[in-house]
Amino acid sequence: MNGNMIIKNAAELVTCSGFNAKKGKEMAELHIIHDGAVVVKEGRIAAVGKTKEILTEIEKSRHDLTSFDAIDAANKAVLPGFVDSHTHFVFGGYRAEEFSWRLRGDTYMEIMQRGGGIINTVESTRRATEAELMKSGIKRLDSMLSIGVTTVEGKSGYGLDKDTEIKQLAVMVHLNNVHYVDVVRTFLGAHAVPQNYKGKEDAFIDYLIEEVMPDVAERNLAEFCDVFCEKNVFSVDQSRRLLSRAKKLGLKLKLHADEIVQIGGAELAAELGAVSADHLLQASDEGIRRMSESGVVATLLPGTAFSLKEPYARGRFIIDNNCAVALATDFNPGSCFSESIPLIFALATLYMDITIEEAVTALTLNGAAALDRADTIGSIDVGKMGDIIVLEYPSYKFIPYHLGVSTVEKVIKAGNLIYDKEKGGIIHC
Ligand code: NIG
Ligand code: FE
């Protein structure tokens with residue numbers, strides 16, 4: 001495991017080349033190299049081009065390739081690893097019963113208002129030990145890795161008290177250290193109003209600002225701060241107050257915005273210069289316009305709309321209005337208990353009028369941009385991290401075409417082969 005790798009003869013080397021979020025029309029540009037090769041040296045991408053040219057260069061420079069692993073990707077497509085930029089994957093307990101209630105007609109918000117939903121998971125996450133959260137976290141990361149995810153974002157928000165919020169974040173620090181998949185941490189203390197603060201939402205925001213956030217920032221437990229800005233959860237004013245303080249403490253901003261009711265979440269994201277605004281099922285035209293102007297990434301989560309039987313976010317409209325769109329799973333125990341990237345591809349392309357090319361950008365470079373990492377991951381460009389996937393098919397077009405099933409054959413993380421379907425799965429060293 002030295003991070004040295006050469007992948008050659010790729011039918012399609014889908015580079016997704018770029019170092020910034022792609023907006024609007026740019027999202028369709030995948031910069032494909034046919035019969036492509038990529039060289040990764042000590043974890044970083046060192047060369048990208050036609051196989052013939054790369055091999056000639058190597059020969060000319062008399063580079064010693066003995067320490068390099070080689071993958072022959074003939075008849076296969078090669079892409080950057082997927083970036084799942086919005087999940088809540090560290091939690092205790094499950095909510096299968098609530099899923100069956102929703103099938104009977106109860107809405108997500110009705111269940112939440114009678115003390116179920118997020119609060120239900122809060123109770124089980126408070127009870128869970130760090131070891132239990134680690135165990136389930138590793139299992140979930142293994143599953144993500146096997147479908148091509150090389151970087152994932154994870155949120156706290158199932159504690160709603162200082163100890164448990166910090167426990168969740170600390171578990172993610174540990175997971176990031178022990179697992180191949182990179183874990184980016186977001187503080188989502190304002191995910192719901194805990195029972196002891198019912199009707200005192202402003203006081204809960206004060207508690208988060210004064211008691212919890214300073215520790216989170218000082219101990220570097222999170223890079224982002226997020227809030228569930230929603231009718232009957234946290235208002236625009238409360239969200240603004242929380243996020244403004246987070247920004248002062250050096251945290252970057254994200255919002256769960258306009259998911260169920262249009263209350264101006266997209267506008268607030270633009271006003272505060274958030275890195276991303278997520279969900280946006282009900283976002284206004286004006287909010288979308290302002291997000292485009294301010295360069296806020298619009299992270300769309302079609303798995304959630306599907307699972308809640310809500311109308312999808314207006315993907316086509318948002319791209320046509322020159323926004324940068326990322327797609328993510330929102331993996332969580334309630335509104336979308338699925339880490340399936342294939343499902344997201346299927347929903348985005350079949351139901352949101354997003355093209356396959358745009359969906360690929362949304363799950364690679366723009367996913368990276370939603371995590372403020374477009375300069376280091378999300379594309380196959382020289383200098384970036386060697387996070388690469390090899391499909392079992394010759395074209396990226398097979399990703400949504402093979403409906404709901406992973407087409408990923410190999411995953412390379414920082415230049416090391418860590419998953420190979422043909423060798424039985426994850427390669428433990
Ligand atoms: O993004 N909307 C708020 N939060 C999550 C759901 C979390 C849960 O139901 O546990 C979401 O959908
Ligand atoms: Fe979410």
Side-chain angles (χ1 to χ4, degrees), residues 84-102 106-126 128 133 136 140 152-160 164-165 168 184-194 222 224-234 239 242 253-263 265 269 274-283 297-313 326-339 344 347 367 370-371:
D84 191 351
S85 63
H86 179 140
T87 86
H88 311 244
F89 81 95
V90 175
F91 56 84
Y94 292 96
R95 284 154 46 201
E97 200 58 34
E98 289 183 10
F99 182 79
S100 72
W101 296 342
R102 282 199 285 109
D106 293 357
T107 69
Y108 179 78
M109 284 314 253
E110 279 163 5
I111 295 170
M112 182 167 178
Q113 268 151 22
R114 54 177 200 248
I118 294 169
I119 295 297
N120 182 344
T121 301
V122 166
E123 280 156 17
S124 21
T125 307
R126 285 179 180 173
L133 294 177
S136 55
R140 290 168 195 157
V152 68
E153 182 254 21
K155 302 174 195 292
S156 68
Y158 292 126
L160 313 182
T164 319
E165 287 294 310
Q168 263 191 289
V184 178
R185 300 177 300 277
T186 296
F187 171 59
L188 178 58
H191 193 195
V193 184
F224 290 89
C225 181
D226 195 345
V227 56
F228 191 10
C229 178
E230 185 64 50
K231 186 176 172 207
N232 294 328
V233 191
F234 297 105
S239 304
L242 178 95
L253 310 183
K254 288 182 168 288
L255 288 89
H256 281 65
D258 300 319
E259 177 180 356
I260 295 155
V261 179
Q262 183 186 112
I263 62 167
V275 175
S276 75
D278 304 27
H279 284 291
L280 303 169
L281 272 55
Q282 307 294 339
V297 176
T299 301
L300 308 184
L301 310 163
T304 312
F306 177 63
S307 167
L308 295 180
K309 299 211 255 181
E310 296 279 347
Y312 296 96
L327 286 160
T329 62
D330 197 18
F331 179 46
N332 72 74
S335 65
C336 184
F337 184 46
S338 176
E339 71 276 38
I344 300 305
L347 297 176
L371 299 180

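Numbering of ligands and ligand atoms starts at 1, following listing order.
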Residue set satisfying salt bridge (charged side-chain N to carboxylate O under 4.0 Å, His left out) with Glu310, at least two apart, ordered chain then number -> none

Residue pairs meeting salt bridge (Lys or Arg N to Asp or Glu O under 4.0 Å), one or both in residues 87-97, sequence neighbours left out, come to Arg95-Glu98

With a 4.5 Å heavy-atom cut-off, do Leu300 and Tyr312 have their side chains touching?
no

The protein N, O or S atoms lying under 2.8 Å from the Fe ion (ligand 2) are His86 NE2, His88 NE2, His256 NE2, Asp330 OD1

Would you say Asp330 and His88 are linked by a side-chain donor-acceptor pair, where the criterion is simply a distance under 3.5 Å? yes

Would you indicate whether the side-chain heavy atoms of Arg102 and Leu308 approach each other to under 4.5 Å?
-> yes

Phe89 and Glu339, any side-chain heavy atoms less than 4.5 Å apart:
no

- Just by modelled atom types, is the Ala298 backbone N or O under 3.5 Å from a matching donor or acceptor in the Ser276 side chain? no

Query raised in the report: With a 3.5 Å cut-off and no angle check, do the side chains of His86 and His256 form a donor-acceptor pair?
Result: yes

Counting only non-hydrogen atoms and a 4.0 Å cut-off, the residues near ligand 1 are His86, His88, Arg95, Tyr108, Ile118, Tyr158, His191, Phe228, His256, Glu259, His279, Thr304, Asp330, Asn332, Gly334, Ser335

Separation between CZ (Phe224) and CZ (Phe187), nearest 0.5 Å, reads 15.0 Å

